[in-house]
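Report on one structure; see the data block that follows.
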Amino acid sequence: MTTNAYVLGAGAGFNGGDILFQLAMFIILLALLKKYAWGPLMGIMQQREEHIASEIEAAEKSRVEANQLLEETRAELKAARLEAQTTIENAKKLGEEQKAEIVAAARAESERLKESAKLEIAQEKDQAMAALREQVAALSVMIASKVIEKELSAADQEQLINEYIKEAGEER
Amino acid sequence: MGHESPLRHVDLFGVTLTFNLSNILMITVASLIVFLIAIAATRNLAMKPTGMQNLFEWVMDFVKGIVKSNMDWKTGGRFHILGITLIMYIFVSNMLGLPFAVVYDNELWWKSPTADPVITLTLAVMVVGLSHYYGIRMKGFSEYGKDYFRPMWFMFPLKLIEEFANTLTLGLRLYGNIFAGEILLTLLAGSLATGVGGHLAAIIPTLAWMGFSVFIGAIQAFIFTMLTMVYIAHKVSSDH
C-alpha cells in the first residue's frame, strides 16, 4: 500500500473493528471510572457540600443564640442597675430621716438640760439668799446686844464693830 | 506519518472486520492511562483534598461548569460523568502522540488515537446517538419528532442536514487538529534533522510546536466536551 496516507481514509478501508473496539473500550472506561473514580469523588464532594452547609447552618444558629443571650444579659444588667439605684435612693432617704430624728432628739435633750440647769441655779440662789438673810439677822441681833452690853467710846465702838465684822467673816 | 497502518483482517461470523492494530493498541493505552490516573487520584479521598484530588475536583467542577452553561443541572447532571470521561480520554489521547511516534517494520504503531478519523468519528457518532436517545427518552417521541419542524415546517431539510453536519464536524475537527499537529512534528523531526545543522535548526520549532500542540490538545478536548453538551442540550431541553 503506497497510497498517500495524508488523504482522509486513503488505503485504510473501512475499519469496522476499530469502531467496535473504540466504542466498547469507551463504554468500559466510562463504567469503570464511574464505579471506581468519579462516583466516590462525587460522593466526597457531595459530602463536603453537605458538611459545609450544615456547618454554616450551625454557625447561623449559634450566632442567633449568642445574640439572644446578649440581649438577655443586657436586660438583666439593666434591671440590676435599676435595682441598685432604688436601693441607694431608699438608703439615702432612710439616712435623711434618721439624721432629722437624731437632730431633733439632741435638740430636745439640750433644751431639757438647759431648763433643769436654770431651775437648779434658781434654787441655789434662793437657798443662798435665805441663808444670808438668816446670818444678817443673827449678826444684827448680836451687834445690838453687844452695843447694849457696853457703853463704849466712838473709837472703841468702831474697833468693836470691826472686830465683830471680822469675826463674822472668819466664822463664815 | 507517511507510513502504513498495521491492518489485520478477522473473519467473524462471516463478516470481515478490519482491525488497525495501532488504533487498538493506542485506545487501550489511552484508556489504561486515564483509568490509572483517575484511580490514583481518587484512592485516598479526604474531606480536605490534597494534590491529585484537588486537580480532579477542579476537572469535575470545570465539566460541571460546561454542563451548566448549556442546560439545567437537573437535566444535565446525568451527563456529568460522560463529560469528565470524554474530556480526560480525549486529552490523554491527544497528548499520547506528542512525545514520540513508533514505527516498526514501516508500520506506524505509536500515535494519538485521535489522529485517526475512524476513532474521532466513532466518538462523534456515539455522542450524537446519545443526544437522540436522551431526546426521545426525556421528551417523548412525538415532541422529539416535532422538533424537526420547528420553528417553521420548511426547516426540516436543514434540520436533517444539521444532524449529519454536526456529527461530521465534531469528529473531523478533533481529527484534523491532532493529525495536523502530528504531521508537522514528524516533518520537523524527520526532514529537518538531517545533520548536525539540521538538528540544531529543528530544536526550536519542534519545541515551539510541541508546546502549541499541548495547548491545542487541551483546547480540542474542551471543545469536544463543550459541543457534546451543546448537542445534547439542544435535543434534551424543551424551551426551543
Side-chain angles (χ1 to χ4, degrees), chain A residues 1-70, chain B residues 1-5 7-10 12 15-24 27-28 30-32 34-35 37-43 45-49 53 56-57 59-61 80-82 84-86 88-89 108 113 116-123 125-126 172 175-176 179 183:
Chain A
M1 284 206 285
T2 49
T3 27
N4 194 347
Y6 299 146
V7 176
L8 170 62
F14 182 68
N15 295 3
D18 291 359
I19 294 171
L20 289 181
F21 189 73
Q22 170 64 64
L23 261 181
M25 277 307 271
F26 190 80
I27 289 164
I28 291 170
L29 184 67
L30 195 70
L32 282 179
L33 285 180
K34 182 177 180 178
K35 187 154 195 292
Y36 293 110
W38 307 148
L41 190 62
M42 278 172 166
I44 201 123
M45 285 170 89
Q46 184 77 27
Q47 212 175 312
R48 184 183 311 131
E49 227 164 76
E50 277 162 17
H51 178 73
I52 289 170
S54 73
E55 286 294 296
I56 287 174
E57 217 163 89
E60 194 72 23
K61 213 183 273 175
S62 64
R63 200 178 63 88
V64 168
E65 230 163 71
N67 264 0
Q68 219 168 354
L69 274 179
L70 191 70
Chain B
M1 287 305 262
H3 301 284
E4 291 170 17
S5 306
L7 297 178
R8 303 292 182 270
H9 305 281
V10 176
L12 204 67
V15 184
T16 306
L17 285 176
T18 307
F19 285 96
N20 183 342
L21 288 189
S22 159
N23 280 345
I24 306 290
I27 290 166
T28 315
S31 305
L32 214 65
V34 171
F35 184 68
I37 290 178
I39 289 297
T42 56
R43 207 180 39 179
L45 289 174
M47 287 287 273
K48 289 178 187 165
Q53 195 189 337
F56 270 78
E57 289 196 0
V59 172
M60 286 199 106
D61 279 338
H80 195 191
I81 286 180
L82 172 72
I84 304 166
T85 312
L86 264 180
M88 286 298 296
Y89 179 73
L108 178 66
D116 191 310
V118 173
I119 306 300
T120 57
L121 279 173
T122 305
L123 289 174
V125 169
M126 181 190 75
L172 292 183
Y175 156 70
F179 186 62
I183 284 180

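Lettering follows sequence order; numbering is per chain, from 1.
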Exercise: identify the closest heavy-atom pair between [X] and [Y]:
X     : Y     : answer
B:M60 : A:W38 : CE-O, 4.0 Å
B:T42 : A:A37 : OG1-CA, 3.5 Å
B:E57 : B:P49 : OE1-CG, 3.9 Å

B:M88 side chain reached by A:L33 side chain, heavy atoms, under 4.5 Å: no
Within-4.5 Å side-chain heavy-atom neighbours: B:L121 and B:Y175: no
A:I28 portion near chain B, given a 4.5 angstrom heavy-atom threshold: neither
Chain A contact via [X] - side chain, backbone, both or neither, heavy atoms under 4.5 Å:
X      : answer
B:L86  : both
B:P113 : neither
B:L82  : both
B:Y89  : side chain

Choice from A:I19, A:L41, A:L32 maximising heavy atom contacts with chain B below 4.5 Å: A:L41
Selection from B:T122, B:D61, B:D116, B:I119 maximising heavy-atom pairs under 4.5 Å formed with chain A: B:T122
Among B:N23, B:I24, B:I39, residue most engaged with chain A (heavy-atom pairs, under 4.5 Å): B:I24
Interatomic distance, A:M45 atom CE to B:Q53 atom CD [nearest 0.5 angstrom]: 8.5 Å
